[in-house]
2 protein chains.
Amino acid sequence: MARDPDQSASGGHAEAHRHAIDADAVQSRARAYATSKGIPFTAMRQRVLGLLAASGKPMAAYEIAEKLSDARRVQAVQVYRALEFLQEAGCVHRLASQSAYFACDHLHGSGEMVVFMVCSQCGAVQEAASDLVARGLRGVAKTTGFKPLHPIIELEGECADCTSEPVG
Amino acid sequence: MARDPDQSASGGHAEAHRHAIDADAVQSRARAYATSKGIPFTAMRQRVLGLLAASGKPMAAYEIAEKLSDARRVQAVQVYRALEFLQEAGCVHRLASQSAYFACDHLHGSGEMVVFMVCSQCGAVQEAASDLVARGLRGVAKTTGFKPLHPIIELEGECADCTSEPVG
DNA sequence: CATGGAATGTAATAATATAACAGGCGCCAT
DNA sequence: ATGGCGCCTGTTATATTATTACATTCCATG
């Protein structure tokens, strides 16, 4: 699949926002995780991760299955299995607000609290770790005696590109 | 939900996890919203809100439909329609991490960033607004030029009661 | 009373996710 | 090498969550 952002001058800017990630890096990370666990980085896992990395945007599981299907149809359940592995490996995250999955080419420390900023216009996702946010969250948790195990922090909104170049 | 942090963490918590909310208050708020919009606070809307308020915990839409069904079966779509109204009214929130809905008996300022703390054990939800979190989030957004419109901040973990009294 | 907008009731379907199970492939201990 | 064991795959089925479509009913208002 063409990874070229469609730069066509005037019309859609939507495809210009592809922040294709470093596919090699993320594949390496997945491979390393697999090795460390003594489990295989199988063809299906590579295909799913490769597609997500190339896309650079969140994709629904069924959309992934669709794109990976050729003569043989790839069933959603196979995609979910691959995604499970990839999420454990820290190479893919799930966006709860969209029920969609995207590749992430950098490692997160355990216990780190990462903010996902999802553009409603173009769908692009940016990640940022904020110490202030983390401290704030641990603070509110502490005052109520709550023990946070899995934070979900997603901002839906408009990215810089889409703000400056409104749709229409 | 957001009860005052309970100082006496030591008591029996048997049914103590039901943080039933102030049903009257939340119904009043819904009614006021309806009036302000010139739309009716219909029986179905009252029934859905009443059930959620009484439950004090997140419920799935189909679970609500189930509980509301008597001689006449309440269909999920009717519940979704009521939930749509109730969310607009600010009386019900959706938990993205659970695809579940819960009643909230206090008003949130617009632009406020509320943290939902969801206990994996007992399902109870506590809400807390944190200025530190809000500043942190606005900070990371600003550095990337992102304009946050709808924040989703959910902490999955263990509430104080369940931490002190593990399931058994 | 007529009428138009909103809510309801009902059926169908889309979209997301998991369960269950037979078979294959690789590893490695015997 | 070979037989067993664990993991992965392929396939079917089903559960769960959510929306679309449309005819009907309700009701405020002209």
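In this text the structure is predicted, and so the values were computed from the model without any measurement. A note on names: the letters A, B, ... follow the listed sequences, proteins ahead of strands, and every chain is numbered from 1.
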Which nucleotide in the list D:dG10, D:dT17, D:dA18 gets nearest to the side chain of A:Met44? D:dG10
Of the nucleotides C:dA11, D:dT12, C:dA17, which one has an atom closest to the side chain of A:Val77? D:dT12
Identify whether any heavy atom of A:Ala76 sits under 4.0 Å from a base atom; if not, whether one sits that close to sugar-phosphate; answer base, sugar-phosphate or nothing. nothing
So, do A:Ser130 and A:Met113 sit near enough that their side-chain heavy atoms are less than 4.5 Å apart? no
Whole angstrom value for the distance that separates P of C:dT16 from CD1 of A:Ile64: 11 Å
Separation of D:dG10 atom P from A:Leu68 atom CG, nearest Å, is 12 Å
Against the six-membered ring of A:Phe85, is A:Arg45 placed for a cation-pi contact (under 6.0 Å from the centre, within 45° of the normal)? yes
Please determine if a side-chain N or O atom of A:Gln78 lies less than 4.0 Å away from the OP1 or OP2 oxygen of D:dG10. yes
Rounded to the nearest angstrom, tell me the gap between atom CG in A:Leu83 and atom C1' in C:dT18. 14 Å
Taking any heavy-atom pair under 4.0 Å as a contact, classify A:Tyr101: base, sugar-phosphate, or nothing. sugar-phosphate
Side chain of B:Ser99 only, please: which of D:dA18, D:dC8, D:dT20 is the nearest? D:dA18
Under 3.5 Å, is there any donor-acceptor pair linking the side chain of A:Tyr80 to the base of C:dA19? no
Do B:Phe102 and B:Ile153 share a hydrophobic cluster (ILVMFWY, side-chain heavy atoms under 4.5 Å, transitive)? no
What is the distance, to the nearest angstrom, from the CD1 atom on B:Ile39 to the C1' atom on D:dC27? 15 Å
Between C1' on C:dT16 and CZ on A:Arg94, what's the gap in Å once rounded to a whole number? 8 Å
Using a 4.0 Å heavy-atom cut-off, does B:Phe85 contact any base of the nucleic acid, only the sugar-phosphate backbone, or nothing at all? nothing
Within the 4.0 Å heavy-atom criterion, would you say A:Arg73 contacts the bases, only the backbone, or no part of the nucleic acid? nothing
Rounded to whole Å, please give me the gap between CZ in B:Phe41 and P in D:dC26. 20 Å
Is it possible for you to say whether B:Met117 and A:Val115 belong to one hydrophobic cluster, with membership spreading through side-chain heavy-atom contacts below 4.5 Å? yes
Would you mind reading off the distance between A:Glu66 atom CD and C:dA14 atom C1', rounded to a whole angstrom? 14 Å
So, A:Glu66 and A:Arg73, do they make that salt bridge, N to O below 4.0 Å? yes
In whole angstroms, the gap separating P of D:dT19 from CD of B:Gln75 amounts to 16 Å
Would you say the base of C:dA17 and the side-chain of A:Tyr62 have a donor-acceptor pair closer than 3.5 Å? yes
Under 3.5 Å, is there an N or O donor on one side and an acceptor on the other linking the side chain of B:Arg81 and the base of C:dG9? yes
